[in-house]
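Below: the structure, in structure tokens.
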There are 2 protein chains.
Amino acid sequence: MVSIKDIAKKAGVSISTVSYALNGSSKITEATTARIREIAKELNYVPNAAARSLKKRETKIIGAFLMSDYSGNFFGPLLQGINDTLNSTDYELIVCSGIKSHRFLPEQVIDGAIVLDWGFSDEELIKYADLGSKLVVLDRELEHPNINRVILDNTTGSALSINYLLEKGHRKLYVVTGPDISYDANQRLQAVRKAVKQYDHIHYQEIKGDFSKLSGARAADQIVQEYKEPVAVFCLNDEMAIGMYDYLSTTTYQIGKHVHIIGFDNIEMSQYIMPNLATIDYSKHKWGALATVNLLKLISNEPVVNETIDVSLIKRGSVQ
Amino acid sequence: MVSIKDIAKKAGVSISTVSYALNGSSKITEATTARIREIAKELNYVPNAAARSLKKRETKIIGAFLMSDYSGNFFGPLLQGINDTLNSTDYELIVCSGIKSHRFLPEQVIDGAIVLDWGFSDEELIKYADLGSKLVVLDRELEHPNINRVILDNTTGSALSINYLLEKGHRKLYVVTGPDISYDANQRLQAVRKAVKQYDHIHYQEIKGDFSKLSGARAADQIVQEYKEPVAVFCLNDEMAIGMYDYLSTTTYQIGKHVHIIGFDNIEMSQYIMPNLATIDYSKHKWGALATVNLLKLISNEPVVNETIDVSLIKRGSVQ
DNA sequence: CACGTTTAGTGAAACGTTTCGATAAACGAT
DNA sequence: ATCGTTTATCGAAACGTTTCACTAAACGTG
């Protein structure tokens with residue numbers, strides 16, 4: 001592997017001169033700089049990232065911890081938002097999964113990270129922040145000088161959703177919940193309970209889910225077992241709603257007639273499945289972009305405040 | 001940041017002893033090893049990745065270059081396959097985009113990569129391979145000792161697709177092509193042309209596409225302009241087929257009646273849109289898994305051969 | 001007990017950069 | 001001609017590991 005040393009030798013200068021020249025320091029004359037650059041190119045020199053980051057204590061890489069599992073089609077637009085923001089900077093993005101890559105933060109493989117991944121506990125993230133990692137969390141509330149937060153307005157989302165079902169005249173309500181560890185799931189559920197409590201004469205029931213399609217199908221099964229009259233179901237994410245579609249398509253129960261369904265997230269699929277899935281929408285692109293802006297600020301020690309992403313109701317055929 | 005040096009001082013041993021102990025060398029007694037580990041934990045020591053990889057010339061990270069753009073829902077199952085395979089090893093996965101992260105390979109940020117990304121030219125990849133990077137390419141044919149190849153059987157896929165349409169009695173055929181740089185697109189197109197050439201009395205026409213939904217919609221527009229009688233369309237990927245659905249839903253033309261559509265890839269969405277999209281299927285999980293196995297072999301200098309992934313036809317309602 | 005051998009630990013170099021402080025030459029001003 | 005100042009370059013230390021070559025003590029063997 002050709003190093004700065006080889007260039008120095010060939011150019012008949014010191015390695016420090018080479019380093020300065022390659023980094024465009026004004027200390028070196030244009031002539032020597034040009035000559036050194038020439039030789040570097042000639043030798044196919046590429047800098048060694050490990051050596052540089054060892055010395056500079058930075059990697060110019062930020063991570064996005066998103067994928068505790070790689071299935072689902074939730075992350076596309078979010079990543080796009082992150083990437084678009086990063087494109088005008090000299091930072092690069094890597095996408096990693098909390099399932100394994102826990103070392104990236106403490107070992108300083110990356111300068112910072114955006115986290116939406118239950119694979120990390122609050123304690124773990126705080127530990128990393130204590131060690132100096134800069135983090136933007138998308139799925140929890142953490143107070144720490146090295147941590148910023150950009151979260152969804154889950155509370156409003158749930159309220160919009162429940163009110164919509166009630167407006168439509170539904171009085172028999174199911175909620176399919178999310179995993180216990182998920183902050184979003186919990187916030188959404190709390191808001192549902194609060195909204196429901198304000199009304200009398202409604203039948204309200206919770207079914208345990210875990211944000212996966214399969215758990216949505218299971219919930220549908222339970223609903224079908226208990227079926228007496230038309231019901232409305234609020235799935236705490238779209239993925240489960242789709243699982244419910246899957247299951248119901250094997251029965252005679254019709255969505256928008258016997259079972260009315262609303263989801264949360266407005267993933268791409270919701271506008272393609274039939275009937276189209278009513279859901280709670282928010283800009284994933286903006287979410288990613290805002291998180292990135294804040295992470296960059298955190299890294300450069302600029303002041304930064306926590307943010308909330310607005311949500312809105314999308315009425316579609318799955319609720320009549 | 002606490003280093004091996006701090007531990008050595010506190011333990012009253014040399015730094016080499018600490019290094020050996022932490023790495024579990026048998027040169028060090030169990031007693032000292034235990035004591036050193038204890039102190040390391042106490043001081044919250046974490047190794048510095050840059051220093052280690054500088055010295056060891058390896059990072060234990062492999063990359064997946066997949067995302068020239070982050071939209072689309074193609075990559076989920078592929079990543080799952082890669083990840084599942086990696087889980088039993090000590091390698092970690094990062095997902096990166098060829099749009100920016102070109103330095104990761106030459107600068108040895110990663111030990112190797114799986115590449116399915118037109119953001120890299122053949123020449124560029126060869127250059128990296130020459131510099132010592134280990135690569136598995138999924139979207140091109142490259143002969144190099146450091147490069148292995150796992151590709152789809154596009155040729156069979158196209159043949160299956162065309163034959164299916166002809167079997168169904170269609171004689172007016174459109175093909176919506178892919179981007180010129182895409183190897184898969186070209187292979188598919190070549191095979192289509194070859195298959196079509198074997199039949200007389202069929203009307204065959206190509207429309208330029210680029211694998212995006214938008215280009216599928218545009219193609220649909222053109223088809224509608226020229227419409228005289230029912231036509232069959234082979235979209236060289238599902239994404240464009242979906243774009244075509246989008247467009248046609250704004251017209252009175254019906255899929256499976258006026259316009260018959262078959263895609264390629266069998267992405268998740270194809271079985272949800274109505275009517276379900278006929279397409280060419282292959283195991284993305286296996287694709288990722290095989291690529292990973294081969295990459296690991298390449299990295300450990302084991303012999304490895306190129307592979308092809310089988311495809312099969314999925315008949316669905318979009319073609320009658 | 002004297003010998004070679006094993007064991008447990010040490011010291012120092014090396015990996016490829018960056019950067020501080022030093023130095024020598026060139027320059028401008030008096 | 002002399003003095004300070006700027007300019008271009010250099011030397012060396014430092015970042016945090018790993019690992020080779022070495023040593024001294026402990027051990028087993030005849």
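Proteins get letters first, then strands, A, B, ... in listed order; numbering begins at 1 in each. Only this structure's heavy atoms are used, side chains among them; waters, hydrogens and symmetry mates stay out. These numbers come from a predicted model, not from an experiment.
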Practice task
Can you measure from CG (Asn154(A)) to CD1 (Ile309(A)) and round to the nearest 0.5 angstrom?
Solution key: 11.5 Å
Enumerate all atom pairs, one protein N or O and one N or O from nucleotides 6-8 of chain D, separated by less than 3.5 Å.
none

Problem - Rounded interatomic separation in angstrom, taking CD from Glu58(A) and C1' from dG16(D) - result: 17 Å
Problem - Any residue of residues 16-23 of chain B with a heavy atom less than 4.0 Å from an atom of DNA chain C - result: Ser16(B), Thr17(B), Tyr20(B)
Practice task
Can you run down the ring-ring contact (aromatic ring centres under 6.0 Å, His included) pairs that involve residues 93-115 of chain A, sequence neighbours left out, and say none if there aren't any?
Solution key: His102(A)-Phe120(A)
Practice task
Let me know the distance between CD1 of Ile15(A) and C1' of dC10(D), rounded to the nearest Å.
Solution key: 10 Å
Fill in the blank from the handout: By salt bridge (Lys or Arg N to Asp or Glu O under 4.0 Å), Lys9(B) pairs with (sequence neighbours left out) none
Problem - Geometric cation-pi criterion, Lys284(B) with Tyr282(B): 6.0 Å, 45° - result: yes
Practice task
Looking only at non-hydrogen atoms, find the nearest pair between Tyr45(A) and Ile4(A) and report the distance.
Solution key: CE1-N, 3.7 Å
Exercise for the section: Rounded to the nearest angstrom, tell me the gap between atom CD1 in Ile4(B) and atom P in dT19(D). Expected result: 11 Å
Completion exercise
The reported gap from CZ in Arg149(A) to OG1 in Thr308(A) (rounded to nearest 0.5 angstrom) is 7.5 Å
Exercise for the section: Provide, to the nearest angstrom, the distance between the CE atom belonging to Met1(A) and the C1' atom belonging to dT17(C). Expected result: 15 Å
Handout entry: Length of the line joining Leu131(B):CG and dG16(C):P, which is rounded to integer Å
Key = 14 Å
Problem - All salt bridge (Lys or Arg N to Asp or Glu O under 4.0 Å) counterparts of Lys10(A), not counting sequence neighbours - result: Glu42(A)
Problem - Distance in Å, Leu295(A) CG paired with Leu290(A) CG, rounded so as to fall on 0.5 Å steps - result: 11.5 Å
Exercise for the section: Mind calculating the distance between CG (Asp6(A)) and P (dC15(C)) to the nearest angstrom? Expected result: 10 Å
Could you write out each protein N or O paired with an N or O of nucleotides 25-28 of chain D at a distance under 3.5 Å?
none

Problem - Between dC10(D) (C1') and Ile7(A) (CD1): distance, integer Å - result: 17 Å
Problem - Residue list, salt bridge (Lys or Arg N to Asp or Glu O under 4.0 Å) with Lys127(A), at least two apart or on another chain - result: none
Completion exercise
Bend of the helix from dG4(C)-dC27(D) to dT30(C)-dA1(D) from end-axis comparison, five pairs per end, nearest 10°, comes to 50°
Practice task
Check whether any side-chain N or O of Trp287(B) sits under 3.5 Å from a backbone N or O of Val150(B) as a donor-acceptor pair, and report yes or no.
Solution key: yes
Problem - Ser3(A) side chain near dG16(C) phosphate (N/O to OP1/OP2, under 4.0 Å) - result: no
Practice task
Drop me the distance from Asp130(B)'s CG to Ile147(B)'s CD1, to the nearest 0.5 angstrom.
Solution key: 8.0 Å
Exercise for the section: Verify side chain to side chain donor-acceptor pair (under 3.5 Å) between Asp184(A) and Ser182(A), making sure each step is shown before the conclusion. Expected result: CA-CA 5 Å; Asp184(A) 289 309; Ser182(A) 161; 4.9 Å; no
Exercise for the section: If a pair satisfies side chain to side chain donor-acceptor pair (under 3.5 Å) and one of its residues is in residues 289-305 of chain A, list it, with sequence neighbours excluded. Expected result: Lys134(A)-Asn301(A), Asn148(A)-Asn294(A), Ser300(A)-Glu302(A)
Completion exercise
Residues at least two apart in sequence or cross-chain that pass salt bridge (Lys or Arg N to Asp or Glu O under 4.0 Å) with Asp6(A), listed by chain then number, are none
Problem - Separation of Leu105(B) CG from Leu135(B) CG (nearest 0.5 Å) - result: 5.0 Å
Handout entry: OP1 or OP2 of dG16(D) under 4.0 Å from side-chain N/O of Arg57(A)
Key = yes
Name each donor-acceptor pair under 3.5 Å that joins a side chain in residues 16-24 of chain A to protein atoms two or more places apart or in another chain, with its distance.
unit_1, atom_1, unit_2, atom_2, d
Ser16(A), OG, Ser14(A), OG, 2.9
Thr17(A), OG1, Ser14(A), OG, 3.0
Asn23(A), ND2, Ser19(A), O, 2.9

Exercise for the section: Check the distance between dT17(C)'s P and Lys60(A)'s NZ and give it to me in whole angstrom. Expected result: 18 Å
Exercise for the section: Would you jot down, in residue-number order, the residues of residues 41-56 of chain B having a non-hydrogen atom under 4.0 Å from DNA chain C? Expected result: Leu54(B), Lys55(B)
